[in-house]
Colleague: 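I have a structure I would like to understand better, so I am pasting it below and will then ask my questions one at a time.
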Amino acid sequence: MLSIRRLDEKDFAAFHALQLRSLKDHPESFLIDFDEVNDRPLEQSERQFKNRVFFGAFSGNELVGYAGLNRYQGKKLGHKATIGGVYVVP
């Protein structure tokens with residue numbers, strides 16, 4: 001059974017590994033490049049992770065999918081968001 005919840009700091013390692021897998025296996029599906037993320041200092045990736053909102057799909061304790069939520073900024077758009085960076089293990 002799958003469960004979905006917002007990812008937090010303790011999920012970073014699993015998220016990062018799954019993100020790299022998604023970029024390597026399906027480069028045509030993402031705007032960022034595997035090498036760009038893989039070569040980036042881990043601290044930088046972790047900082048970016050903490051500053052964004054991600055939801056994860058879990059099968060038991062294993063992260064098997066994720067989706068990023070990108071919130072708009074500003075007084076008139078602050079109530080809106082888009083979903084991006086979605087991946088689910090085939």
Side-chain angles (χ1 to χ4, degrees):
M1 181 166 171
L2 286 179
S3 61
I4 297 174
R5 65 171 173 78
R6 184 174 177 172
L7 299 179
D8 59 31
E9 292 178 17
K10 71 181 184 318
D11 299 309
F12 172 71
F15 167 80
H16 189 65
L18 188 57
Q19 181 185 43
L20 288 173
R21 175 181 172 179
S22 68
L23 295 172
K24 187 173 185 179
D25 292 351
H26 304 281
E28 71 284 355
S29 298
F30 297 94
L31 296 176
I32 56 176
D33 181 72
F34 171 83
D35 291 329
E36 178 183 342
V37 176
N38 193 46
D39 294 344
R40 179 185 303 157
L42 194 58
E43 297 79 20
Q44 181 182 349
S45 292
E46 190 168 12
R47 193 170 43 254
Q48 289 176 339
F49 173 80
K50 289 177 184 178
N51 289 328
R52 295 200 48 212
V53 176
F54 289 96
F55 288 87
F58 290 84
S59 178
N61 291 326
E62 181 184 4
L63 181 64
V64 296
Y66 65 84
L69 185 68
N70 305 304
R71 296 185 70 182
Y72 288 96
Q73 301 295 313
K75 193 173 182 180
K76 292 190 174 187
L77 295 174
H79 65 286
K80 291 186 174 188
T82 57
I83 297 173
V86 176
Y87 180 73
V88 178
V89 173

Colleague: Between Leu20 and Ile32, is there a shared hydrophobic cluster once you connect ILVMFWY residues whose side-chain heavy atoms come closer than 4.5 Å?
Modeller: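 Shared cluster, yes.
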
Colleague: Taking salt bridge (Lys or Arg N to Asp or Glu O under 4.0 Å) as the test, write out the residues that go with Arg21, two or more places apart.
Modeller: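 If we apply the salt bridge (Lys or Arg N to Asp or Glu O under 4.0 Å) test to Arg21, skipping adjacent residues, the hits are Asp25.
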
Colleague: What closest approach, in Å, do Ile83 and Ala67 show between heavy atoms, and which atom pair accounts for it?
Modeller: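 So the minimum-distance heavy-atom pair works out to CG2-CB, 4.2 Å.
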
Colleague: With sequence neighbours left out, write down each residue that passes side chain to side chain donor-acceptor pair (under 3.5 Å) with Asp33, or none if nothing qualifies.
Modeller: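 None.
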
Colleague: Begin with the C-alpha distance, continue with both residues' side-chain angles, and end with the deciding distance and a verdict on side-chain contact (heavy atoms from CB on, under 4.5 Å) for Asn70 and Tyr72.
Modeller: CA-CA 7 Å; Asn70 305 304; Tyr72 288 96; over 6 Å; no

Colleague: Minimum heavy-atom separation for Gly68 and Phe54, please, with both atom names.
Modeller: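 That closest heavy-atom pairing would be CA-CD2, 3.5 Å.
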
Colleague: Locate the shortest heavy-atom distance separating Phe30 from His26; write the atom from each residue and the value.
Modeller: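 Phe30 and His26 have their closest heavy atoms at CD1-O, 3.4 Å.
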
Colleague: Got a sec, which residues hit ring-ring contact (aromatic ring centres under 6.0 Å, His included) with Phe58, two or more places apart in sequence or on another chain?
Modeller: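 In terms of ring-ring contact (aromatic ring centres under 6.0 Å, His included), with neighbours along the sequence ignored, Phe58 is linked to no residue.
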
Colleague: Which residue pairs satisfy the side chain to side chain donor-acceptor pair (under 3.5 Å) criterion with at least one member in residues 3-17, sequence neighbours excluded?
Modeller: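 Applying side chain to side chain donor-acceptor pair (under 3.5 Å) to every pair that reaches into residues 3-17, excluding sequence neighbours, yields Arg5-Asp11, Asp8-Lys10.
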
Colleague: Lys76: which residues meet the salt bridge (Lys or Arg N to Asp or Glu O under 4.0 Å) condition with it, sequence neighbours left out?
Modeller: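 In terms of salt bridge (Lys or Arg N to Asp or Glu O under 4.0 Å), with neighbours along the sequence ignored, Lys76 is linked to no residue.
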
Colleague: Which donor-acceptor pairs under 3.5 Å do side chains of residues 35-51 form with protein atoms, sequence neighbours excluded?
Modeller:
from  : atom 1 : to    : atom 2 : distance (Å)
Arg40 : NH1    : Gln48 : OE1    : 2.8
Asn51 : ND2    : Arg47 : O      : 3.2

Colleague: Is Glu62 close to Val89 at the side-chain level, that is, under 4.5 Å between some pair of heavy atoms?
Modeller: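 Sidechains of Glu62 and Val89: no contact.
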
